[in-house]
Structures are given as structure tokens and as C-alpha cells.
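The next block holds one structure in the form of C-alpha cells; read it before the comments.
Values below: every heavy atom of this structure, side chains too, minus hydrogens, waters and symmetry copies.
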Amino acid sequence: MSVRTRRIIIAGALAAFMAAGVLAVGHLRLWWAPDPPRDPNALVLRVRFTAGMGPAGARPVPDLSLYGDGRLIVTSLDLDRMPARELVRDMRLTDRAYREIYRDARLAGLGDARVIKSDVQVLDGGSTKITLLANGRPRVTTLESGAAGPRVWLIDQLLKRLALGKSKGEPSRSDLIGPARPYQPTRIALLAHEVPKNDTGTASQTSPAPQIRPWPLHSLSPGACTLHAGSEAATIGQLLESAPKTHWASQSRHYALTARPLLPDETDCASLPR
């Protein structure tokens with residue numbers, strides 16, 4: 001047997017050994033983690049980015065919500081519209097992707113509540129709150145802006161796989177069952193934030209001051225949150241969609257209104273995160 005033939009045989013054997021090792025590690029990683037929750041109504045993973053100085057009265061849709069049947073609801077920006085608006089997309093993970101993501105969340109240490117502090121001060125940096133359902137209880141990890149280290153890297157890799165921070169707001173097609181679609185809520189919460197009557201916002205030549213229009217439906221009150229469903233929710237959505245740069249007048253007061261879709265685990269106004 002020539003030296004060249006022996007080298008080819010040895011190289012082939014090493015390649016086969018390495019391939020087997022990669023497969024074994026993959027199976028070990030899936031085997032190591034506990035089975036993820038399977039209750040379709042259970043909130044398994046939630047991610048919320050919180051700005052240091054957000055708008056007054058804001059109760060935004062969480063950036064990511066993952067449920068026990070693999071349903072994934074992700075929030076992103078619709079950059080195809082001017083001004084850019086929040087886009088909520090509904091999709092479903094494959095069973096393998098769901099198990100891998102839950103495993104990676106546990107490997108990142110999200111099964112225990114903790115605060116990961118930053119050694120640097122980031123002006124108006126905000127924080128990231130991640131809630132994971134582990135051992136039947138929600139565990140909250142707070143990640144300060146600017147935090148670093150191996151655990152932060154693992155969390156960052158998990159969020160990148162889930163496509164958080166991408167404008168289109170959806171993971172790899174190989175992780176999904178079917179295409180993503182717009183989220184269709186069964187109920188919405190109408191949030192009323194009172195603004196001064198002489199408030200012109202950031203008026204300029206390119207961004208005119210908000211228009212004032214009378215609110216044609218029920219009376220509004222400062223800080224109110226009211227739930228709506230069916231045709232009433234559709235009417236509210238159409239009103240706000242048709243006049244995005246508008247303040248609404250009701251009982252001699254002016255309001256900025258937000259139609260906030262309720263997610264499957266949100267039952268009322270009290271359940272909306274602030």
C-alpha cells in the first residue's frame with residue numbers, strides 16, 4: 001500500500017470520526033436539556049427591550065413571545081411605511097427548533113432569576129427583560145445595556161436566532177412551519193394619553209404639528225385603558241390607521257391614542273406590561 005493511499009484512508013477515517021462527533025454532540029445537546037413546556041396556552045419565553053426614556057403611558061407589545069405549542073409572536077418595525085410603524089408577526093416554530101431554543105435558553109442560565117449588570121454607563125441605554133418558564137415558574141433575567149461576558153454572549157446568540165433586532169422580524173425559514181403572517185388579535189386595548197392643548201409635538205416643515213379631530217366614539221379620560229373586540233375594535237383600528245398624526249378631542253381634552261393588540265396570554269389592561 002502506497003503512502004498516498006494510506007494518507008487517503010486515514011483522512012477519510014478522521015473525517016468520518018469528526019462527523020460522528022458532531023452528530024453525537026448535537027444529540028447530546030438536545031438530550032441534556034429538560035423537555036420544554038407543552039401547554040399551548042403557556043407563555044414559555046418573553047423578551048422586552050425597555051428604553052431608558054420611553055414615551056409617557058407607553059405599554060408596547062413585547063418584542064417576542066413564545067408559547068408552549070411553538071407559536072412565536074415577534075414585534076418589529078415596518079420600514080416600508082412612512083412613518084415606520086410597529087409590525088406584529090405570528091409564526092410557528094418546528095418542534096426541533098422549539099426544543100433547541102428552549103435548551104439554549106436554559107444553557108444561557110435563563111432558568112434562574114438574575115440581574116446582569118453592566119460595568120459601563122450607557123446614557124438612556126435601558127435594559128432587556130427576559131422571562132423563561134422553568135420548573136413551572138416564570139424566571140426573569142434583567143440584562144442591563146452594555147453588559148458583557150459569556151452568559152451575555154449566549155443570550156445574544158439565542159436572540160439572533162429568533163431574529164430580534166431584524167426589521168423583518170422572523171427567524172430562519174428552516175426553523176418555521178409555514179410562512180409568517182400578520183398577527184390578528186381577538187381584542188385590543190385602547191390607551192388614552194392626555195396631551196396639552198397647545199402641544200405641537202416636534203413640528204417642522206417636514207413634520208407638521210398633529211391635527212386635532214373630535215373622537216367619534218365613547219368618551220375618553222386621561223390614562224384610561226379600555227378593551228374592545230369585534231366590529232368595535234375594527235372601527236377603532238380604521239380610525240387610527242386613517243389619521244396616524246392626529247390628536248383626538250373628547251370632553252374638552254386632547255389625547256394621543258394607541259390601539260394595543262392583546263397577546264394570547266394577556267387577559268385585560270392590568271396584564272399589559274408597563
Side-chain angles (χ1 to χ4, degrees), residues 22-51 60-76 88-118 125-166 168-178 180 183 263-266 271-273:
V22 169
L23 289 173
V25 169
H27 286 299
L28 178 61
R29 289 173 70 194
L30 280 177
W31 170 83
W32 170 86
D35 287 335
R38 294 294 181 178
D39 179 357
N41 298 315
L43 177 65
V44 176
L45 178 67
R46 171 156 287 163
V47 180
R48 290 197 297 122
F49 298 129
T50 305
V61 179
D63 297 87
L64 179 145
S65 301
L66 176 62
Y67 297 89
D69 57 354
R71 187 181 188 184
L72 179 66
I73 299 175
V74 177
T75 305
S76 59
V88 185
R89 299 175 68 83
D90 192 352
M91 58 204 83
R92 193 174 300 275
L93 296 173
T94 66
D95 185 68
R96 181 178 182 88
Y98 175 53
R99 288 187 292 124
E100 288 177 348
I101 286 167
Y102 189 76
R103 170 210 66 201
D104 290 348
R106 296 296 297 262
L107 283 172
L110 299 178
D112 296 309
R114 56 167 53 88
V115 176
I116 305 177
K117 294 186 174 296
S118 172
S127 63
T128 302
K129 290 187 180 295
I130 306 174
T131 303
L132 182 73
L133 185 62
N135 301 321
R137 295 177 57 191
R139 317 283 179 161
V140 179
T141 296
T142 301
L143 184 64
E144 293 184 351
S145 182
R151 193 180 301 281
V152 176
W153 183 85
L154 288 171
I155 294 172
D156 185 59
Q157 295 305 302
L158 172 67
L159 300 187
K160 283 182 177 178
R161 178 171 184 178
L162 291 166
L164 283 188
K166 295 184 179 180
K168 67 176 182 177
E170 66 180 75
S172 168
R173 290 291 180 88
S174 62
D175 283 344
L176 298 178
I177 300 174
Y183 175 61
L263 298 184
D265 62 295
E266 295 172 335
S271 63
L272 302 184

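Each of D69, L45, V44 was evaluated against Y98; a single residue qualifies, V44, per the side chain to side chain contact (heavy atoms under 4.5 Å, CB included) test. Applying side chain to side chain donor-acceptor pair (under 3.5 Å) to R46 and the options D265, D63, T131 leaves one that passes, D265. Screening V74, L132, I101 against L66 for a side chain to side chain contact (heavy atoms under 4.5 Å, CB included) leaves a single residue, I101. Test L263, V88, V47 against P62 for side chain to side chain contact (heavy atoms under 4.5 Å, CB included) and you get one pass: L263.
Taken from OG in S172 to NZ in K160, the straight-line distance is 15.5 Å, to the nearest 0.5 Å. Residue T141 holds its OG1 atom at 4.5 Å from CG of L110, rounded to the nearest 0.5 Å. Rounded to the nearest 0.5 angstrom, L43 CG and R71 CZ are separated by 12.0 Å. Between atom NZ of residue K129 and atom CG of residue L143 there is a gap of 10.5 Å, rounded to the nearest 0.5 Å. Annotation: the span from T94 atom OG1 to L176 atom CG amounts to 8.0 Å, rounded to 0.5 Å. Considering CZ of F49 and CD1 of I130, their distance stands at 7.5 Å, rounded to 0.5 Å.
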Does R106 form a side-chain contact (heavy atoms from CB on, under 4.5 Å) with R103? I'd like the steps, not just the answer. CA-CA 5 Å; R106 296 296 297 262; R103 170 210 66 201; 5.9 Å; no
Between L72 and L64, is the side-chain contact (heavy atoms from CB on, under 4.5 Å) condition met? List the steps. CA-CA 7 Å; L72 179 66; L64 179 145; 3.7 Å; yes
Give the C-alpha distance, both sets of side-chain angles, the deciding distance and a yes or no for side-chain contact (heavy atoms from CB on, under 4.5 Å) between L93 and M91. CA-CA 7 Å; L93 296 173; M91 58 204 83; 5.9 Å; no
Criterion side-chain contact (heavy atoms from CB on, under 4.5 Å) on I155 and I116, from CA distance to verdict: CA-CA 11 Å; I155 294 172; I116 305 177; 4.0 Å; yes
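Taking every heavy atom of both residues into account, Y67 and P40 meet most closely at CB-O, 3.7 Å. Closest heavy-atom contact between Y102 and A134: OH-CA, 3.8 Å. Across every non-hydrogen atom of G109 and R151, the tightest pair is CA-NH1, 3.1 Å. Heavy atoms only, all atoms of each residue included: L133 and P138 are closest at CD1-N, 3.9 Å. Summarising the geometry of P171 relative to A163, their closest heavy-atom pair is N-CB, 3.7 Å, with the distance given to 0.1 Å.
With S118 contributing its side chain and S145 its backbone, the two residues share a donor-acceptor pair below 3.5 Å.
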